[in-house]
Number of protein chains: 2
Amino acid sequence: MSSLRSSDRELSPEKTAAVLDGALQEFLAHGYAAARIDRIVAAAGVSKATVYRHFADKEHLFMALMQRLASRKKLFWDESIERFEEEPTTFLRHCALTMLENVADDPQVLAFFRIILGESGRFPQLAQAFLTNIEKPGLDCLTQYFQAHPELQLPDPEVAARMFIGTLTHFVVTRDILHGRQIIPIDRDRLLDNLIATLVRPASSASA
Amino acid sequence: MSSLRSSDRELSPEKTAAVLDGALQEFLAHGYAAARIDRIVAAAGVSKATVYRHFADKEHLFMALMQRLASRKKLFWDESIERFEEEPTTFLRHCALTMLENVADDPQVLAFFRIILGESGRFPQLAQAFLTNIEKPGLDCLTQYFQAHPELQLPDPEVAARMFIGTLTHFVVTRDILHGRQIIPIDRDRLLDNLIATLVRPASSASA
DNA sequence: GTCTATATCAGGATAGAC
DNA sequence: GTCTATCCTGATATAGAC
C-alpha cells in the first residue's frame, strides 16, 4: 500500500515551474501592472486556465515569483564571510567585485531591482523581503568585518558598511538602472580603487 | 485689427494646470500603468475630452508632468554653492540636511523618486532628465567643494562626492522607499555624524 | 488537471452637441 | 474649447469539455 492514491497533490510541479518561468520574463520586462497574462501563458506554453489553477490571481503569482527570486539570491554573501582574515584592501575589493558581478552584469537582476523599487509602494512586503534577504546580509557582513579591524580607525563600523554599499549601489542605480553612463560617467575601477582607498587610508601615522 | 481672431491659442492655461495637478496626484500615487485617466479627470474637475485636447495621450501627459517636476527641483543645490567658504564639517552637514529635508521629509518627492526608478525601463529619457537636473548638480557641487579643499587629503574628490551622496541616497531609499525602518534601522544623526567624520578625519598628523 | 471558448468589465480614446 | 455619451479594444477570470 505504498501509493495507490494519486489524487493527493492536485497540481503538477512541472506546469508550476513553466508558469513561473514565463512570469519571470514578463514581469521583469514590463513591471506588474503592464504585465500581460496572455504573454505569460504564451511563454510558458500552457493555457490560461492552468495559470489560474496554480495561482489565485495575478497578484499572488507576482508575489510568489518575487519571493522566490529574493530568497534565491540569499546566499550572495556567504563566500565573503569565509575571507574575514584577508587584508582590508583585498577583502573589500573582493566584496565590491562580487556585488557588481552579481548585479550590474546581470540584466535580470537589474530588472528585478527596478521592479522592487517601482512596486515598493504597492507591495511593501516585497521590498522588505528584499531588504531582509539581500541588503541586510551584506550590511551585516561588512559591519562585522570593519568591527574586526579596529586598526582602520573608522569612527563607526556600521556607517562605514553603509558608505561602502551605498556608494556601490548608487553607482549601479545611476549608471545601469537610470541609464546615466553618459550623463555622470565614471570609470568603474577608478571608483572602486578610491572608494577603498578613502576607507582604509592610514588615519594617523603612515607614509610620507 | 489688433485681435479679431481668437482662435490663435486653442487651449486654456487654467485647465492645463488643473489637469496637471490631477495627474500629479494620480501618477505619484499609482505609477504610470496603474494610473487611471478617470481619476485624473475627477481630481481635476474637468471632462475626459478636455484632457485629450490638451495632451495627445496618457504617455504625453505623463512625460509633461514628470519633466515639469524634474526641472522644478533644479535649483536644489544653488544655496549650497554660496557656502563654499565654510568649514568642511559645517558645509557637509548643511548639504546633507538640505538633501534629507528636500527628499526624505517630502512624501511627494519620495513618490516621485519611486516613479522615476520604477519607470526607468519604459521611460529612459525621464530617468536621464532626473540625473541631469537633480543628481548631476549635487555631484558637481560636492566634487568642486572637495577639490577646493585638498587639506582633507581625499584621494579622489569625485569619488568622495559619490560616497557622500551615495550613502545618503542609500539611506533614504532603504528606509523610506523600501520601508526598511525596522529591518535595517539606524539613527539619522548617527549616520550623518559618522559619514562626515569618516570623510574629514585627519589623514596624517593630528590628535593623539 | 489541462485545454478551448467565453463571460464580463474596465480603461483609453473619440464624436458630436453647445 | 469644453462637456456628455459612447465606442471598442484588450485584459482578468471562469465554465465546461476531455
Side-chain angles (χ1 to χ4, degrees), chain A residues 3-66 115 118-119 121-123, chain B residues 3-66 115 118-119 122-123 126:
Chain A
S3 63
L4 286 179
R5 308 161 309 164
S6 71
S7 65
D8 260 339
R9 317 184 81 260
E10 309 241 343
L11 307 169
S12 87
E14 284 180 351
K15 298 283 179 180
T16 306
V19 171
L20 283 173
D21 283 347
L24 179 79
Q25 295 181 24
E26 181 64 13
F27 281 123
L28 290 192
H30 299 99
Y32 176 74
R36 297 294 165 237
I37 302 283
D38 286 1
R39 284 195 290 256
I40 295 178
V41 162
V46 301
S47 79
K48 210 179 283 191
T50 300
V51 171
Y52 284 98
R53 179 163 293 275
H54 288 241
F55 300 95
D57 55 16
K58 187 182 178 181
E59 201 169 311
H60 283 77
L61 171 56
F62 179 68
M63 296 271 294
L65 175 70
M66 289 290 139
I115 305 293
E119 306 296 343
R122 191 195 297 263
F123 298 97
Chain B
S3 62
L4 286 178
R5 306 161 309 165
S6 71
S7 63
D8 261 337
R9 317 185 80 261
E10 309 240 342
L11 306 169
S12 88
E14 283 180 352
K15 298 283 178 179
T16 306
V19 171
L20 282 173
D21 282 348
L24 180 79
Q25 295 181 23
E26 181 65 12
F27 281 123
L28 289 191
H30 299 99
Y32 175 74
R36 298 292 166 241
I37 302 284
D38 287 359
R39 285 196 289 256
I40 294 178
V41 163
V46 301
S47 78
K48 209 183 281 193
T50 299
V51 171
Y52 283 98
R53 180 163 295 277
H54 288 240
F55 300 94
D57 55 15
K58 188 182 179 182
E59 201 169 311
H60 282 77
L61 172 57
F62 178 67
M63 296 270 294
L65 174 71
M66 289 290 139
I115 305 293
E119 305 296 344
R122 191 195 298 263
F123 297 97
L126 242 142

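Model, not experiment: these values are computed from the prediction.
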Open item on the list: Classify the ring geometry of A:Tyr32 against A:Phe27: parallel below 30°, tilted from 30° to 60°, perpendicular beyond 60°.
Closed with: parallel
- [ ] Please figure out whether A:Lys58 or B:Val46 has its closest DNA chain D nucleotide nearer the 5' end.
- [x] B:Val46
Open item on the list: Is B:Thr50 close enough to D:dG1 that one of its side-chain N or O atoms is under 4.0 Å from OP1 or OP2 there?
Closed with: no
- [ ] Nearest 0.5 Å please: distance from the CD atom of A:Glu26 over to the CZ atom of A:Arg36.
- [x] 8.0 Å
Task: Which atom of B:Ala43 lies closest to which atom of B:Gly22, heavy atoms considered - done: CB-CA, 4.1 Å
Open item on the list: Does B:Val51 reach a base, just sugar-phosphate, or nothing at all? Heavy atoms under 4.0 Å.
Closed with: nothing
Task: Residue A:Arg53, side-chain heavy atoms: nucleotide from C:dG12, C:dT2, D:dA15 that is nearest - done: C:dT2
Open item on the list: Starting the side chain at C-beta, find the nucleotide from C:dG12, C:dT2, D:dT12 nearest to A:Lys48.
Closed with: D:dT12
Open item on the list: OP1 or OP2 of D:dG1 versus the side-chain N and O atoms of B:His54: is any pair under 4.0 Å?
Closed with: no
- [ ] Answer with base, sugar-phosphate or nothing: what part of the nucleic acid does B:Ala35 contact at a heavy-atom distance below 4.0 Å?
- [x] sugar-phosphate
- [ ] Between C:dT14, C:dT2, C:dT4, spot the one nearest the side chain of B:Ala49, thanks.
- [x] C:dT14
- [ ] Write down the distance between CD1 (A:Ile37) and P (C:dA10), rounded to a whole number of angstrom.
- [x] 17 Å
TODO: Return the nearest nucleotide to the side chain of A:Asp38; candidates are C:dG12, D:dA11, C:dA15.
DONE: D:dA11
Open item on the list: I need the CD1-P distance between A:Ile40 and D:dA13, as an integer number of Å.
Closed with: 11 Å
- [ ] With heavy atoms under 4.0 Å as the rule, sort A:Lys15 into base, sugar-phosphate or nothing.
- [x] sugar-phosphate
- [ ] Look at the side chain of A:Tyr52 and decide which nucleotide, out of D:dC3, C:dA13, D:dT12, has an atom nearest to it.
- [x] D:dT12
Open item on the list: Rounded to whole Å, please give me the gap between CZ in A:Phe55 and P in D:dT12.
Closed with: 15 Å
Task: B:Asp57 CG to D:dT9 P, straight-line distance once rounded to whole Å - done: 18 Å
Open item on the list: If you compare all heavy atoms of A:Val46 against all heavy atoms of A:Val41, which two are closest, and at what distance to 0.1 Å?
Closed with: O-CG1, 2.7 Å
Open item on the list: Can you tell me which nucleotide in D:dC3, C:dT2, C:dG11 comes closest to the side chain of B:Arg36?
Closed with: C:dG11
Task: Test item: B:Glu119 side-chain N/O and B:Gly31 main-chain N/O as donor-acceptor pair under 3.5 Å - done: no
Open item on the list: In whole Å, I'd like the distance from the CZ atom of A:Arg39 to the P atom of D:dA11.
Closed with: 7 Å
